[in-house]
Asks: 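Before I ask anything, let me first share the structure, which is written out below as structure tokens.
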2 protein chains.
Amino acid sequence: MDASSPSSSNESPWLPFESRRRARDEKREAVLRTAVALFLEQGYHGATLNEVARRLNITKPALYNYFRGKDEILYECWSIGNELVDDCIAETSAGGGSGLDKLRKLIVQYAELMTADYGKSLVRFDIRDLSEDNRKIVQTAKRRIDRAFRDYIAAGVEDGSVKPCDPKLAAFAIAGSLNWIGHWFQPGGELSGRAVAEEFAIRLTEGIAKTTTQVTSTRKTTTHKAAVPAAEKADKPPRKGNASREDGSEHHTRTAAGAASQSKRARSRLR
Amino acid sequence: MDASSPSSSNESPWLPFESRRRARDEKREAVLRTAVALFLEQGYHGATLNEVARRLNITKPALYNYFRGKDEILYECWSIGNELVDDCIAETSAGGGSGLDKLRKLIVQYAELMTADYGKSLVRFDIRDLSEDNRKIVQTAKRRIDRAFRDYIAAGVEDGSVKPCDPKLAAFAIAGSLNWIGHWFQPGGELSGRAVAEEFAIRLTEGIAKTTTQVTSTRKTTTHKAAVPAAEKADKPPRKGNASREDGSEHHTRTAAGAASQSKRARSRLR
DNA sequence: ACTATTTGTTACCCATGGGTAATATACGGG
DNA sequence: CCCGTATATTACCCATGGGTAACAAATAGT
């Protein structure tokens with residue numbers, strides 16, 4: 001299909017060796033991309049491995065070169081999404097600002113994740129379809145995400161940027177709205193994921209923000225066109241480039257255990 | 001079709017006949033109650049009909065006296081939940097008040113529904129597991145629910161009780177928070193369903209309400225259960241479709257089509 | 001070219017669980 | 001008492017799809 005002819009001529013002699021590994025990883029990711037799309041489209045149980053394979057122009061047993069089984073594929077899809085969320089949390093936690101600021105940043109990023117496949121997998125897939133071990137990992141990670149929301153809210157209450165409220169319920173309310181995006185959002189719609197994300201960041205914090213967004217009644221800020229504060233070009237995804245990738249890891253990622261913690265693995269270009 | 005011969009017992013001659021029907025309906029509902037609990041507990045695909053039957057102290061084929069198949073059981077579970085929601089909407093629509101008032105009433109009732117099994121089935125079950133026909137019904141009903149939220153919000157914007165906003169997005173945000181309840185709420189927790197519901201009614205409208213909400217958290221509002229018109233004898237199927245069940249041929253339940261509309265069927269004590 | 005490894009294929013296995021047929025039992029009615 | 005209906009049971013079918021074994025083809029290393 002691609003990149004077959006060159007590389008051996010003027011490239012490093014090591015490259016063929018590495019290119020094979022890279023080809024493998026790319027194939028692995030291709031499987032995941034196809035699988036997550038199919039799982040979302042037809043549901044985990046409705047989707048068959050035969051269909052996954054067919055869309056990749058291979059046959060079912062070939063998939064078993066890369067994954068141990070269907071449930072591991074599911075887990076890996078989820079895992080990628082989880083890493084993306086972890087990155088969001090790490091980034092918002094690292095950045096400064098009040099509790100409310102952090103909360104809003106997290107909402108923006110989380111919301112946008114929910115508009116993409118791997119993000120959707122976090123909320124659309126059923127945890128019970130995973131193996132015992134992986135299910136525990138997922139549950140733990142979900143608690144961590146929940147805690148991030150609660151912590152930011154609690155911090156906001158502390159520093160005065162958020163009205164006094166029950167962080168637990170407030171976090172549930174916010175997370176619910178955000179997770180729901182993963183159910184209704186379709187890329188073809190009139191709203192971009194980014195637009196939805198920024199709208200939600202305002203809307204969901206309007207009720208608990210103490211720094212009132214002061215909607216002066218004279219300006220009707222129609223809120224959904226251009227009222228959003230322009231969102232400083234803070235889109236810096238190119239932070240911390242994809243440096244260390246070939247840290248000779250197990251070529252199967254297998255065991256899947258312990259993979260949900262360190263999210264810095266800098267997945268290349270996802271979504 | 002009635003006016004048959006009297007009978008021998010001290011009760012109405014109709015009674016044995018009717019008591020048998022009632023027994024049947026009770027068994028049907030028992031199946032549904034068991035099924036919805038099991039589906040929620042283990043997931044639709046994880047739950048087996050054998051297990052449903054086992055919990056009822058019967059065997060799998062006995063279930064087929066009441067339902068045509070697993071997917072119909074799923075649909076009926078969903079249908080009950082949907083009727084409950086329809087009742088909420090009918091009630092809030094009938095009551096007066098501003099758009100915001102209606103919205104809050106709907107939120108309270110909808111939220112409390114989400115803390116019970118049949119309510120959860122609305123958001124936890126996968127629409128794709130239904131038959132083609134039933135899936136269409138569900139989709140239509142979901143749109144109707146969504147529209148209720150949007151309409152109330154839009155009405156609120158009109159009458160000035162709600163800040164100008166995009167009803168579509170606001171409805172998504174609110175519905176998301178509410179639906180999420182169906183995922184995290186567990187009856188054993190520290191918060192009652194009612195408490196969560198009333199908290200959410202305030203919290204979710206705080207951002208869009210124009211009238212500043214004085215949070216008097218002890219809001220013992222409206223009727224929720226007793227407000228339903230008694231209608232004990234209302235078991236007579238209304239003219240139209242639905243027909244009387246004793247049309248020997250299809251002793252199963254009406255193809256499930258068209259059952260999602262009329263919600264006043266006064267299900268006995270659910271939840 | 002020869003060999004070992006990776007990666008893919010064809011052909012198959014088989015556990016699962018939804019669904020059905022044949023049949024037994026309880027029961028109301030004449 | 002017998003019949004018809006409703007209900008339940010036992011025993012079975014079988015489509016589905018995840019998973020595997022045996023084998024073939026491409027590829028790297030020598």
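Letters go in sequence order (proteins before strands), and every chain restarts at 1. Side-chain atoms are counted along with the backbone in the values below, which use heavy atoms only and exclude waters and symmetry mates.
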Asks: Across the strands shown, which category fits A:A47 at heavy-atom distances under 4.0 angstrom: base, sugar-phosphate, nothing?
Replies: sugar-phosphate
Asks: Considering only D:dA8, D:dT10, C:dG18, which nucleotide approaches the side chain of B:K70 most closely?
Replies: C:dG18
Asks: Whole angstroms only, please: what is the CD-C1' distance between B:E72 and C:dG18?
Replies: 14 Å
Asks: Can you measure A:N65 atom CG to D:dA26 atom C1' for me and round it to whole angstrom units?
Replies: 13 Å
Asks: Once you round it to whole Å, what is the distance between C1' of D:dT7 and NZ of B:K27?
Replies: 7 Å
Asks: Round to the nearest Å and state the distance from B:L63 atom CG to D:dT9 atom C1'.
Replies: 13 Å
Asks: Round to a whole Å and report the spacing from CG of A:D25 to P of C:dT7.
Replies: 10 Å
Asks: Between A:K60 and A:T48, is there a donor-acceptor pair closer than 3.5 Å when you use the side chain of the first and the backbone of the second?
Replies: no
Asks: Please determine whether a side-chain nitrogen or oxygen atom of A:R24 lies at a distance below 4.0 Å from atom OP1 or OP2 of C:dT7.
Replies: yes
Asks: Between B:D129 (CG) and C:dG17 (P), how many Å, whole number?
Replies: 15 Å
Asks: Rounded to whole angstrom units, what separation is found between the CG atom of B:N50 and the P atom of D:dA8?
Replies: 16 Å
Asks: Given D:dT9, C:dG19, D:dG18, identify the nucleotide with an atom nearest to the side chain of A:T48.
Replies: D:dG18
Asks: Could you check whether the side chain of B:K60 and the base of C:dG17 have a donor-acceptor pair of N or O atoms closer than 3.5 Å, going by distance alone?
Replies: no
Asks: Starting from C1' on C:dG17, measure out to CG on B:L74 and report it in whole angstrom.
Replies: 16 Å
Asks: Does a sphere of radius 6.0 Å around CZ in B:R22 hold more than 12 heavy atoms from other residues, nucleotides or ligands, not counting ones at 6.0 Å or beyond?
Replies: no
Asks: Does the plane of the ring in B:W184 sit parallel, tilted or perpendicular to the ring in B:F200? Use 30° and 60° as the thresholds.
Replies: tilted
Asks: Measuring from the side chain of A:P61 (C-beta onward, heavy atoms only), which nucleotide among C:dA11, D:dT10, D:dG18 has the closest atom?
Replies: C:dA11
Asks: By nearest atom, which of the nucleotides C:dT7, D:dG18, C:dT9 is closest to the A:I58 side chain?
Replies: C:dT9
Asks: Using a strict 4.0 Å threshold on nitrogen-to-oxygen distance, state whether B:K70 and B:D129 make a salt bridge.
Replies: no
Asks: Looking only at the side chain of B:T59 (C-beta and beyond, no hydrogens), which of the listed nucleotides D:dT10, D:dG18, C:dT7 gets closest?
Replies: D:dT10
Asks: Answer yes or no: is there an ion pair linking B:E132 with B:K136, defined by an N-O contact shorter than 4.0 Å?
Replies: yes
Asks: Determine: side-chain N/O of A:Y64 to OP1/OP2 of C:dT7, distance under 4.0 Å, yes or no.
Replies: no
